[in-house]
**Student:** 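One structure is given below, represented as structure tokens, and several questions about it will come after.
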Amino acid sequence: MRAEDGSVRPARFMGREEREKGQVFSDFYGILPELSLEANVRTASSVLVSLVEKLGISASEFAPSVLADAWRQAAGDFLSTRAELLTIADKKARIRTSHPAVRYELNRRKLHLIHALNAVLGEGCVTGVQILHG
């Protein structure tokens, strides 16, 4: 198919639903539907930075030292030296240990750990615990 500028392009049929979806996308993002797949590409770091700014969270809240201190206070000396708090994401604390007996104890104390972590980090920060082996 020949375009208005004289170049040859493959013909593409668009149904009514596809045109309407493209128009909605165009209205929402303010870009042409033909460019929509390439025009809204962002890196993971830029998305993370914009989310952190929008939520008003400071970078220190993600620092490993903050998590390590909170874990030491919440779990106590014995458990904190034998297990590691990796992350808190989606309100779930992910804890790693390689000791089967410690894993059993962590599973037994899940509710206590949730309350202790919330006491240190702020109420509602942790609602679940996931124990990882390794």
**Student:** How far apart are the closest heavy atoms of His99 and Arg82, and which atoms are they?
**Tutor:**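 That closest heavy-atom pairing would be CD2-O, 3.6 Å.
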**Student:** With distance as the sole test, does Thr87 use its side chain to make a donor-acceptor pair with the main-chain N or O of Arg94 at under 3.5 Å?
**Tutor:** no
**Student:** Out of Leu113, Val129, Ile95, Val126, which residue meets the side-chain contact (heavy atoms from CB on, under 4.5 Å) rule with Leu85?
**Tutor:** Ile95
**Student:** Using 0.5 Å steps for rounding, measure from the CD atom of Glu123 to the NE2 atom of His115.
**Tutor:**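 Rounded to the nearest 0.5 Å, the CD-NE2 separation comes out at 8.5 Å.
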**Student:** Give the cluster check for Ile131 versus Val102: same hydrophobic cluster or not, with ILVMFWY residues linked at side-chain heavy-atom distances below 4.5 Å.
**Tutor:** yes
**Student:** Could you state the interatomic distance from CG (Leu121) to CG (Leu67), rounded to the nearest 0.5 Å?
**Tutor:**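 The CG atom of Leu121 sits 7.0 Å away from the CG atom of Leu67.
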**Student:** Tell me which one of Asn118, Leu117, Val120, Ile114 satisfies side-chain contact (heavy atoms from CB on, under 4.5 Å) with Cys125.
**Tutor:**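 By the side-chain contact (heavy atoms from CB on, under 4.5 Å) criterion, Cys125 pairs with just one of Asn118, Leu117, Val120, Ile114: Asn118.
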**Student:** Considering non-hydrogen atoms only, spot the tightest contact between Ser80 and Ala75 and give its length.
**Tutor:**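 Reported closest heavy-atom pair: N-CB, 4.2 Å.
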**Student:** In Å, rounded to the nearest 0.5 Å, how long is the span from CG of Leu106 to CZ of Arg96?
**Tutor:**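 With rounding to 0.5 Å, CG (Leu106) is 13.0 Å from CZ (Arg96).
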**Student:** Grab the two heavy atoms, one from Ala74 and one from His112, that are nearest each other, plus how far apart they are.
**Tutor:** O-NE2, 4.2 Å
**Student:** What distance do Asn107 atom CG and Gln130 atom CD have between them, rounded to the nearest 0.5 Å?
**Tutor:** 10.5 Å
